[in-house]
Amino acid sequence: LFHDGGPAGPHRGGDMTSLVAPLPYDEVVELLAEASAAFVDTVVGITSDEWSEPGLGVWNVRELVGHTMRAFSTVHRFLDEPVDRVEVETAPDYFRIALGSSPGIHDQVADRGREAGVLLGDDPVAGVVEDVSRLLGRLGEMTGDEIGVTAVGGMVLPAYLDTRLVELVVHLSALCLALGRPAPDPGRAGVRVAALVLASASVEDRDTVVRAMLGRADLPPGFNVWP
């Protein structure tokens, strides 16, 4: 792969901006709505005794749902705090920067998940339904040209929604696994998320994933494209 007149570096594989550029605004909102419906359906089916069961890592199910809801709540902050300049162009750029920004990032995420679980309140199902509906309604009033604040710098709204789509689909899968239920098919959203995650990985990790998908190698123990 060549770009800018020379060979790509050994780690990231060149500029892939055009391959993972933000989708048209209406399309990314539609994908988010489809994945949101699957998430809400899953949450509605959680029984009263399952909320305290193990979820993901240090989280129980309630905390995992609370963390997943940050895919929605953080968009409100984005829209409430407009900025003038785009500093991060794509979702893969966002995740590369965010995950490399602090050695304690995973502990910080774990703490925010616990806090988000508490914020679900006494009726977490009703809270989830209301908050998801409120955000999707607000997105229907936007143009897609909005630039807002994120943890790693200004982004245009469709690009930021790509990051929220990744968070939603990935954690929906984890939630279904914790509940012992088949993950719903996220359709086009699942394909989009897979592409964005792979694009954020190193060349070596992308090669490892592709070979494993084709049955030509096993994934190493503890393999993670986002260490």
Side-chain angles (χ1 to χ4, degrees), residues 29 31-81 91 94-95 98-99 101-139 149-152 160-187 189-190 192-194 196-197 222 224-227:
V29 171
L31 295 184
L32 186 65
E34 292 173 359
S36 298
F39 172 63
V40 168
D41 285 346
T42 301
V43 170
V44 168
I46 297 175
T47 62
S48 59
D49 59 335
E50 287 178 321
W51 287 99
S52 60
E53 291 295 312
L56 173 66
V58 298
W59 295 327
N60 60 23
V61 167
R62 182 187 182 94
E63 291 162 345
L64 175 55
V65 170
H67 177 74
T68 307
M69 286 301 297
R70 286 179 53 81
F72 303 94
S73 62
T74 50
V75 181
H76 287 296
R77 175 174 176 258
F78 176 99
L79 295 173
D80 290 341
E81 300 183 27
Y94 171 95
F95 287 114
L99 292 170
S101 63
S102 169
I105 184 65
H106 296 296
D107 290 336
Q108 296 168 21
V109 170
D111 289 342
R112 288 197 293 266
R114 295 188 188 96
E115 294 168 1
V118 173
L119 291 175
L120 288 177
D122 295 333
D123 190 346
V125 173
V128 166
V129 172
E130 179 180 352
D131 290 348
V132 170
S133 177
R134 184 164 67 95
L135 177 65
L136 293 178
R138 189 175 184 186
L139 291 177
V149 67
T150 79
V152 300
Y160 188 59
L161 291 183
D162 264 341
T163 73
R164 304 304 86 192
L165 187 65
V166 170
E167 295 280 1
L168 178 57
V169 170
V170 167
H171 288 105
L172 172 58
S173 174
L175 177 61
C176 291
L177 182 63
L179 295 170
R181 298 169 193 166
D185 180 7
R192 177 67 175 171
V193 166
L196 293 170
V197 172
N224 186 351
V225 300
W226 289 347

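For the numbers below, each heavy atom of this structure counts, side chains included, while hydrogens, waters and symmetry mates do not. In this chain, residues are counted from 1 in sequence order.
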Compare every heavy atom of [Y] with every heavy atom of [X], then report the nearest pair and how far apart it is.
X: S36; Y: L32; answer: OG-O, 2.6 Å
X: A178; Y: P54; answer: CB-O, 3.6 Å
X: F78; Y: V149; answer: CD1-O, 3.5 Å
X: A110; Y: W59; answer: O-NE1, 3.0 Å

CA sep, side-chain torsions, deciding dist, call: T163, T74, side chain to side chain contact (heavy atoms under 4.5 Å, CB included): CA-CA 11 Å; T163 73; T74 50; over 6 Å; no

Side-chain donor-acceptor distances from residues 112-137 under 3.5 Å, at least two apart:
residue : atom : partner : partner atom : Å
R114    : NH1  : D111    : OD1          : 2.7
D123    : OD1  : A126    : N            : 3.3

From L31 atom CG to D162 atom CG, the distance as rounded to the nearest 0.5 Å: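 Reported value, rounded in 0.5 Å steps: 8.5 Å.
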
Spatial distance of atom OH (Y94) from atom OG1 (T150) [nearest 0.5 Å]: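 One finds 5.5 Å between OH of Y94 and OG1 of T150.
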
Report all side-chain donor-acceptor pairs from residues 46-53 shorter than 3.5 Å, counting only partners two or more places apart or in another chain.
residue : atom : partner : partner atom : Å
T47     : OG1  : D49     : OD1          : 2.6
T47     : OG1  : E50     : OE1          : 3.2
E50     : OE1  : T47     : N            : 2.9
E50     : OE1  : R181    : NH2          : 2.6
E50     : OE2  : R181    : NH2          : 2.9

Side-chain heavy-atom pair L161, L139 within 4.5 angstrom cut-off: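 Yes; the side chains approach each other to less than 4.5 Å.
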
Heavy-atom check, side chain of E63 versus side chain of V58, under 4.5 Å: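 Contact flag for E63/V58 side chains = no.
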
Per-pair distances, 0.1 Å, donor-acceptor, side chain in residues 166-177, under 3.5 Å, sequence neighbours excluded:
residue : atom : partner : partner atom : Å
E167    : OE1  : H171    : ND1          : 3.4
H171    : ND1  : E167    : O            : 2.8

Trace of the side chain to side chain contact (heavy atoms under 4.5 Å, CB included) decision for L196 with F95: CA-CA 10 Å; L196 293 170; F95 287 114; 5.9 Å; no

